[in-house]
Amino acid sequence: MDFTRHPNICCIITMTANKTTISAQIGFNLLLITDRKNTSGRPLADIMMCAGEAGVRAVQFREKDISLREQMSMAIEIQKITRQFDMKLFINDRVDLCMAIDADGVHLPSTGLPIAVARKMLGRKKIIGVSCHSVEDVVRAESEGADYALLGPIYDTPSKREYGKPLGIDYLKSVSESTTIPLFAVGGIKISNLKEVMNRGANGVAMISEIMAEKDVTGRCRDVLNLL
Ligand code: 3NM
């Protein structure tokens, strides 16, 4: 592994590092993904406050159905909260928006800019995460210098049904054995399947509905963090 391409991961990771070591390098094991349409009408900022109070360390701002200008003003509002609670803020897809507001990094979808291009634009200090849907995607993301990979959908989840069958936990296990960058499971992750996912080699999880749609967001975040 070429560590010079992973500026945000300390060079002490080895092929034998366990999952706690790896998630400690990136500084979070729960990535909360936003969906303002899945909050039962509550403002996104309120949800973020609850998550911050509960100790969530990383948020991916993903409101891709609104204009870039609207995304920008919403992301700035969210960033006030993430900064208040020392949470990392990643912008989904839009490297330009990440640069414009000096967010902590970008999360590239599989159809997004190549990692090398994003790295050139953002420099070495920003974190680059990548959405992956196969072992090949993860291996490529690692070799191209991604700081972490999201693998999914692991379980059935409404927004991803059009892409076919979920990958499943056995697949997750085999992917986890093929990479040394932090691997986050995504897609249908719930309190009820967290243990299973972590036991299959995930270094952490990314969640939308299990947190966004929950009445007691603070309590739910705490429960998730305690189980990770
Ligand atoms: N990406 P929930 S699944 C944003 O497989 C996203 O890459 C996925 O929502 C992928 O936690 C997903 O409610 C949706 O299942 C996750």
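One-based numbering, in listed order, for ligands and for the atoms of each. Because the structure is predicted, anything quoted here is derived from the model rather than measured. When a residue number appears, it is its place in the shown sequence, counting from 1.
Sorted by chain then number, the residues whose non-hydrogen atoms approach ligand 1 to under 4.0 Å are Arg62, His133, Gly152, Pro153, Thr157, Ser159, Lys160, Val186, Gly187, Gly188, Met207, Ile208, Ser209.
When the ring pair (Phe, Tyr, Trp, His ring centres under 6.0 Å) test is applied to Phe90, the partners found at least two apart in sequence or on another chain are Phe28, Tyr148.
Rounded to the nearest 0.5 Å, atoms CD (Glu210) and CG (Asn38) are 11.0 Å apart. Distance check: Asp137 CG to Ser131 OG gives 9.5 Å after rounding to the nearest 0.5 Å. Taken to the nearest 0.5 Å, the CG atom of Asp93 stands 9.0 Å off from the NE2 atom of His107. Atom-to-atom distance recorded for His133:NE2 and Tyr163:OH is 7.5 Å, nearest 0.5 angstrom.
Summarising the local packing, NZ of Lys190 is surrounded by more than 12 heavy atoms from other residues, nucleotides or ligands at distances under 6.0 Å.
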